[in-house]
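One structure is given here, and the rest of the page talks about it.
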Amino acid sequence: MAPKPYIFLKIALLFIFLPLTTSIHFKLPAIFNFGDSNSDTGELVAAGVYSLEPPYGRSYFTKPSGRYCDGRLIIDFLLEAMDLPFLNAYLDSIGRTSFRKGCNFAAAGSTIEPPTARAVSPFSFRVQVAQFIRFKLQVLRLMAKGKKLHKYLPDEDYFQNGLYMFDIGQNDLAGAFYSKTIDQILALIPLILTEFETGIKTLYDQGARNFWVHNTGPLGCLAQNVAKFGTDPSSLDELGCVSKHNQAAKVFNLQLHTLCKKLQGRYADSNFTYVDIYTIKWNLIANYSKFGFEQPIMVCCGYGGPPLNYDSRIGCGKTEVLNGTTMTAKACSDSSEYVNWDGIHYSEAANQYVSSQILTGKYSDPPFSDKMPFLLGLKF
């Protein structure tokens with residue numbers, strides 16, 4: 001069996017972003033993140049909308065951390081590589097919370113489009129952008145009163161020199177499949193991206209200049225979607241993923257990539273980096289054993305056993321009465337063997353793999369692999 005993935009050493013990192021014309025070198029004083037559960041570090045839990053119980057967080061934090069994972073997320077690994085602290089959620093004000101190096105507005109279940117009445121999260125992209133504006137205004141007001149809070153809040157120039165990260169859109173597509181045909185969903189994508197473009201413009205007007213945009217992963221390979229939409233074998237591809245979901249993701253990503261290029265042309269004084277998360281995750285699922293994983297789609301923390309170990313009626317760590325019997329969705333003994341943690345979200349080990357591939361610079365447009373000023377100690 002191939003060696004299991006393990007955590008690479010933290011390294012000081014100076015990212016190099018390559019605009020479409022010339023290379024620009026800059027340091028990252030702060031990170032401002034927008035997204036859904038792929039990068040939520042505690043927003044939805046802090047809002048009281050949802051709660052997480054063990055075994056969430058067991059692989060790193062030893063307890064639930066507000067992350068929908070057994071440990072760290074992709075964004076956590078990227079920040080570690082940049083030698084920056086983990087981002088605190090915007091709504092997490094309990095304890096000695098510091099926003100000195102940035103703030104995370106991502107919330108699990110969030111969409112780019114305004115939420116429907118049945119939405120898990122009320123924090124759509126537009127709301128997250130509004131939260132950022134309020135956050136910036138409050139920071140500038142407090143900093144103007146003196147330097148007492150300096151060690152907890154970002155300096156004014158951090159808002160222009162910081163990095164704005166985005167990983168959102170997955171829920172717009174996945175949720176649409178419950179009520180729309182594939183053709184209707186494909187027709188909806190331009191409207192979704194128009195909403196995203198509006199948010200980017202608002203952030204640009206607020207001084208943002210450095211944008212880092214993740215595309216969406218292969219939705220059809222998530223156990224939740226396979227269980228719901230993959231009961232007919234003809235709906236699955238060669239990897240056992242739901243074909244139409246992945247088709248929608250590819251079309252969304254193609255149009256998102258085009259939008260990023262358009263925005264780069266419109267805002268010449270900015271830097272837009274588009275990151276192909278889809279290809280990284282697809283490669284992982286297609287070649288899982290090569291990277292030390294044993295299960296590419298089956299869930300670590302779930303209920304029901306093979307082939308998916310997923311039941312939508314009982315979430316990871318939850319106890320429910322099913323058919324008159326009390327059942328608990330428990331975690332597998334070794335989550336590093338699984339790509340998928342709970343049916344929707346990746347395991348820490350899988351997140352580490354994805355982040356290691358991002359850091360090679362090969363999956364970004366513009367790419368930065370040929371300009372890396374250091375040697376990464378990557379183990380994949």
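Atom set for the values below is all heavy atoms of this structure, side chains included, hydrogens, waters and symmetry mates excluded.
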TODO: May I ask you to decide if T328's main-chain N or O and T319's side chain share a donor-acceptor pair within less than 3.5 Å?
DONE: no
Open item on the list: Do D70 and P55 make a side-chain contact, defined as non-hydrogen atoms from C-beta onward lying under 4.5 Å apart?
Closed with: no
- [ ] State, with a plain yes or no, whether a side-chain heavy atom of L173 is found less than 4.5 Å away from one of L219.
- [x] yes
Task: Within 6.0 Å of NZ in K136, more than 12 heavy atoms from elsewhere - done: yes
TODO: Determine whether more than 12 heavy atoms belonging to other residues, nucleotides or ligands lie under 6.0 Å from atom NZ of K318.
DONE: yes
TODO: Start with the C-alpha gap between E348 and R67, add the side-chain angles, then the distance that decides, and say whether salt bridge (Lys or Arg N to Asp or Glu O under 4.0 Å) holds.
DONE: CA-CA 10 Å; E348 178 182 82; R67 293 162 172 81; over 6 Å; no
Task: Flag if over 12 foreign heavy atoms under 6.0 Å of CZ, R126 - done: no
TODO: Output yes when a side-chain donor or acceptor of T194 lies under 3.5 Å from a complementary backbone atom of P190, and no otherwise.
DONE: yes
Task: E320, CD: over 12 other non-hydrogen atoms inside 6.0 angstrom - done: yes
Open item on the list: Are S243 and L236 packed together at the side-chain level, in the sense that at least one heavy-atom pair is separated by less than 4.5 angstrom?
Closed with: no
Open item on the list: Is there a path of hydrophobic side-chain contacts, each under 4.5 Å between heavy atoms, that joins M298 and L222?
Closed with: no
Open item on the list: Any non-hydrogen side-chain atom of Q131 less than 4.5 Å from a side-chain atom of V127?
Closed with: yes
TODO: Spell out, as yes or no, whether a donor-acceptor pair under 3.5 Å connects the side chain of N253 to the backbone of A249.
DONE: yes
Task: Worked check of side chain to side chain contact (heavy atoms under 4.5 Å, CB included) between L254 and K250 - done: CA-CA 6 Å; L254 182 63; K250 289 177 182 178; over 6 Å; no
Task: Between NZ on residue K261 and NE2 on residue H257, distance to nearest 0.5 Å - done: 4.0 Å
- [ ] List the atom of I168, the atom of Q128, and the distance in Å for their closest heavy-atom pair.
- [x] CD1-NE2, 4.3 Å
TODO: Test side chain to side chain contact (heavy atoms under 4.5 Å, CB included) on Y363 and Q357 and set out the steps.
DONE: CA-CA 7 Å; Y363 297 93; Q357 297 307 293; 3.8 Å; yes
Open item on the list: Let me confirm one number: the SG-CZ distance from C69 to F61, rounded to the nearest 0.5 Å.
Closed with: 8.5 Å
Task: Whether D155 side chain and D157 backbone form a donor-acceptor pair below 3.5 Å - done: no
Task: Heavy-atom check, side chain of M327 versus side chain of I314, under 4.5 Å - done: yes
- [ ] For S364 and V275, work out which heavy atoms get closest and say how close.
- [x] OG-CG2, 3.8 Å
Task: D276/T279 under side-chain hydrogen bond (donor to acceptor under 3.5 Å, both in side chains): CA gap, chis, key distance, verdict - done: CA-CA 6 Å; D276 187 6; T279 296; 2.5 Å; yes
Task: Residue pair E337 / S335, side-chain donor-acceptor N/O under 3.5 Å - done: no
Open item on the list: Check the orientation of F166 and F125. Use parallel for under 30°, tilted for 30 to 60°, and perpendicular for over 60°.
Closed with: perpendicular
- [ ] With F272 as reference, evaluate Y204, F211, W212 under the ring pair (Phe, Tyr, Trp, His ring centres under 6.0 Å) test and give the passing residue.
- [x] F211
TODO: State, to 0.1 Å, how close C221 and W282 come at their nearest heavy-atom pair, and which atoms those are.
DONE: SG-CZ3, 4.0 Å
Open item on the list: Please say yes or no: joined through hydrophobic side-chain contacts below 4.5 Å, possibly via intermediate residues, are Y338 and V226 part of one cluster?
Closed with: no
Task: Residue pair N323, T325: steps toward the side-chain hydrogen bond (donor to acceptor under 3.5 Å, both in side chains) verdict - done: CA-CA 6 Å; N323 300 321; T325 304; over 6 Å; no
Open item on the list: With side chain to side chain contact (heavy atoms under 4.5 Å, CB included) as the test, pick out the partner of V299 among N340, V339, L308.
Closed with: N340
Open item on the list: Starting from F105, can I reach L153 by hopping between I/L/V/M/F/W/Y residues whose side chains sit under 4.5 Å apart?
Closed with: yes
- [ ] For this output row, return yes or no: ring centroids of F34 and F196 closer than 6.0 angstrom.
- [x] no
TODO: Measure the spacing between OG1 of T216 and CG of D172 and express it to the nearest 0.5 Å.
DONE: 9.0 Å
TODO: Please determine which of T360, N215, V354 meets the side chain to side chain contact (heavy atoms under 4.5 Å, CB included) test together with I280.
DONE: V354
- [ ] Look up atom OH in Y90 and atom OG1 in T41, then write down how far apart they are to the nearest 0.5 Å.
- [x] 14.0 Å
TODO: Report yes if the SG atoms of C301 and C332 are separated by under 2.5 Å, and no otherwise.
DONE: no
Task: Nearest heavy-atom neighbours spanning A47 and L91 - done: CB-CD1, 3.7 Å
Task: Pair D269 + R209, salt bridge at N-O below 4.0 Å - done: yes
TODO: Look at the side chain of N287 and the backbone N and O of K290, then say whether any donor-acceptor pair between them is shorter than 3.5 Å.
DONE: no
Open item on the list: Is there a continuous path of hydrophobic side-chain contacts, each under 4.5 Å between heavy atoms, that joins L203 to Y158?
Closed with: no
Task: Neighbour count above 12 (heavy atom, 6.0 Å) for R266 CZ - done: yes
Open item on the list: Would the distance check show the side chain of Q295 and the main-chain N or O of C300 forming a donor-acceptor pair, the cut-off being under 3.5 Å?
Closed with: no
Task: Side-chain heavy-atom pair I31, M82 within 4.5 angstrom cut-off - done: yes
Open item on the list: Strictly distance-based, threshold 3.5 Å: is any side-chain N or O of T181 a donor or acceptor partner for the main-chain N or O of Q184?
Closed with: yes
Open item on the list: Could you check whether any side-chain heavy atom of L28 comes within less than 4.5 Å of a side-chain heavy atom of K101, counting everything from C-beta outward?
Closed with: no
Open item on the list: Are N104 and E43 packed together at the side-chain level, in the sense that at least one heavy-atom pair is separated by less than 4.5 angstrom?
Closed with: no
TODO: In sequence, state the C-alpha distance, the side-chain angles, and the governing distance for S336 and D334, and then conclude on side-chain hydrogen bond (donor to acceptor under 3.5 Å, both in side chains).
DONE: CA-CA 5 Å; S336 71; D334 188 353; 2.6 Å; yes
TODO: Take the angle between the ring planes of F132 and Y164 and call it parallel below 30°, perpendicular above 60°, tilted in between.
DONE: perpendicular
- [ ] Identify the heavy atoms of S121 and S110 that sit nearest to each other, and give their distance.
- [x] OG-OG, 3.0 Å
Open item on the list: Would you say Y346 ends up clustered with I344 if hydrophobic residues are merged whenever their side chains have heavy atoms under 4.5 Å apart, either directly or through other cluster members?
Closed with: no
Task: Residues I192, Q255; criterion side chain to side chain contact (heavy atoms under 4.5 Å, CB included); working and verdict - done: CA-CA 10 Å; I192 297 172; Q255 294 186 30; over 6 Å; no
Task: D76 side chain to R72 backbone, donor-acceptor under 3.5 Å - done: no
Open item on the list: Check whether N246 reaches the backbone of G220 with its side chain - one donor and one acceptor, N or O, closer than 3.5 Å.
Closed with: yes
- [ ] Applying side-chain hydrogen bond (donor to acceptor under 3.5 Å, both in side chains) between Q170 and each of D36, N38, T111, report the one that passes.
- [x] N38
Open item on the list: Is there a side chain to side chain contact (heavy atoms under 4.5 Å, CB included) between F135 and F159? Walk through the geometry before answering.
Closed with: CA-CA 11 Å; F135 173 81; F159 291 103; 4.0 Å; yes
Task: Shortest non-hydrogen contact from A30 toward R100 - done: CB-O, 4.5 Å
